[in-house]
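Scroll down for the structure; my scribbles are underneath it.
Atoms within each ligand, like the ligands themselves, are counted from 1 in listed order. Heavy-atom basis, side chains included; hydrogens, waters and symmetry copies ignored.
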Amino acid sequence: MKPSMKPETFLLASALLCTLLGLGCSLSCELCVSDGPNCNGKLQTCAPDEDSCIVVVTESNRKGSLAVTSYKGCAKSSKCESGSFTITVNTENQLGSKRRCCQDDGCNQDPMPAFVRNHTENGLRCPSCITAFTETCTSTQETVCVGEETHCVAVSGLTQPGIKFAAQGCGTETTCHSKPGTLVPSGSRLLTIKKTSCRPSSQASGKAE
Ligand SMILES: *[C@@H]1O[C@H](CO)[C@@H](O)[C@H](O)[C@H]1NC(C)=O
């Protein structure tokens with residue numbers, strides 16, 4: 001190192017070394033997944049390119065039975081956006097998820113604030129379908145939207161063993177802005193959202209792309 005190097009340059013250089021080589025300065029986040037509104041696990045060191053800790057709580061309704069799942073772990077901030085992800089395929093097949101991302105060691109150890117989904121019908125309707133093993137599905141029926149779900153959404157992604165799925169239904173506006181790679185725990189599985197497309201539900205008809 002040249003004696004003339006400025007302290008800012010040195011700090012920048014060490015930050016780069018941390019980022020590029022993970023020289024003992026990686027972020028640590030709590031890691032766990034379990035039923036219920038909170039989960040507890042050990043702090044683990046994140047991969048060098050994972051610069052955020054994440055907490056996600058999902059309420060899912062599968063065939064009429066409600067379940068809450070919590071997930072905590074490491075994430076890339078490019079795939080981590082605080083906010084909600086909801087989709088209603090029909091009254092017995094709904095999923096609502098809330099996430100928080102933060103960037104300090106152990107910052108995901110606190111439980112999420114209580115998460116209450118609004119199940120009141122809002123008068124809007126959307127085409128709906130759900131399938132496995134494909135990236136698109138063709139709607140055969142309509143569903144009624146609930147709470148803040150003002151958009152018709154089409155999502156596709158992967159379940160944890162890498163099986164493709166596609167679904168259409170009602171969603172919140174923030175569902176439409178989900179980044180590719182968004183994680184959504186559902187029951188014992190962790191869904192990865194690959195693609196989301198949306199339109200206002202008042203114009204809903206026909207099939208999605
Ligand atoms: C729940 O959703 C309905 C329909 O959009 C709305 O009228 C109501 O104000 C919402 N309730 C709460 C507590 O947000």
Side-chain angles (χ1 to χ4, degrees), residues 33-39 54-72 75 79-102 107-108 110-131 136-157 165-180 182-187 189-209:
V33 56
S34 95
D35 292 339
N38 190 25
C39 66
I54 187 169
V55 195
V56 194
V57 179
T58 303
E59 184 197 282
S60 54
N61 181 346
R62 284 169 58 80
K63 301 197 172 103
S65 87
L66 274 184
V68 176
T69 314
S70 301
Y71 172 81
K72 294 179 180 176
K79 294 183 174 175
C80 198
E81 201 165 27
S82 296
S84 69
F85 177 97
T86 90
I87 181 164
T88 295
V89 173
N90 57 55
T91 49
E92 298 207 328
N93 201 340
Q94 302 173 318
L95 188 147
S97 182
K98 197 171 171 185
R99 74 192 57 246
R100 181 165 57 81
C101 306
C102 54
C107 63
N108 65 343
D110 296 334
M112 285 281 283
F115 172 41
V116 182
R117 277 206 72 196
N118 183 341
H119 294 279
T120 309
E121 293 182 11
N122 63 19
L124 300 170
R125 301 174 80 88
C126 286
S128 77
C129 56
I130 185 160
T131 60
T136 54
C137 64
T138 305
S139 66
T140 50
Q141 49 192 352
E142 284 204 317
T143 183
V144 292
C145 304
V146 298
E148 317 301 318
E149 294 178 335
T150 53
H151 286 69
C152 292
V153 302
V155 303
S156 63
F165 76 91
Q168 285 182 43
C170 309
T172 52
E173 190 176 358
T174 51
T175 304
C176 303
H177 303 304
S178 302
K179 295 178 178 174
T182 293
L183 293 175
V184 180
S186 172
R189 296 169 307 167
L190 199 55
L191 308 177
T192 307
I193 306 304
K194 296 279 185 199
K195 202 171 159 208
T196 314
S197 61
C198 282
R199 58 205 155 144
S201 48
S202 51
Q203 293 162 22
S205 75
K207 70 175 208 176
E209 54 175 312

Mind checking the SG-CD spacing from C198 to E173? Nearest 0.5 Å is all I need.
8.5 Å
Does atom 7 (O) of ligand 1 have a protein heavy-atom neighbour under 4.0 Å away?
no
To which protein heavy atom is atom 4 (C) of ligand 1 closest, and what is the distance rounded to 0.1 Å?
N122 CB, 3.6 Å
Could you find the nearest protein heavy atom to atom 5 (O) of ligand 1 and give me its residue, atom name and distance?
G147 O, 2.8 Å
Qualifying residues under side chain to side chain donor-acceptor pair (under 3.5 Å), relative to T192, sequence neighbours excluded:
none
Taking side chain to side chain donor-acceptor pair (under 3.5 Å) as the definition, give me every residue that meets it alongside T86, ordered by chain and number, with sequence neighbours left out.
E149
Relative to atom 10 (C) of ligand 1, which among V146, T150, N118, L124 owns the nearest non-hydrogen atom?
N118
Indicate whether any N or O donor in one side chain lies under 3.5 Å from an N or O acceptor in the other, for T172 and T175.
yes
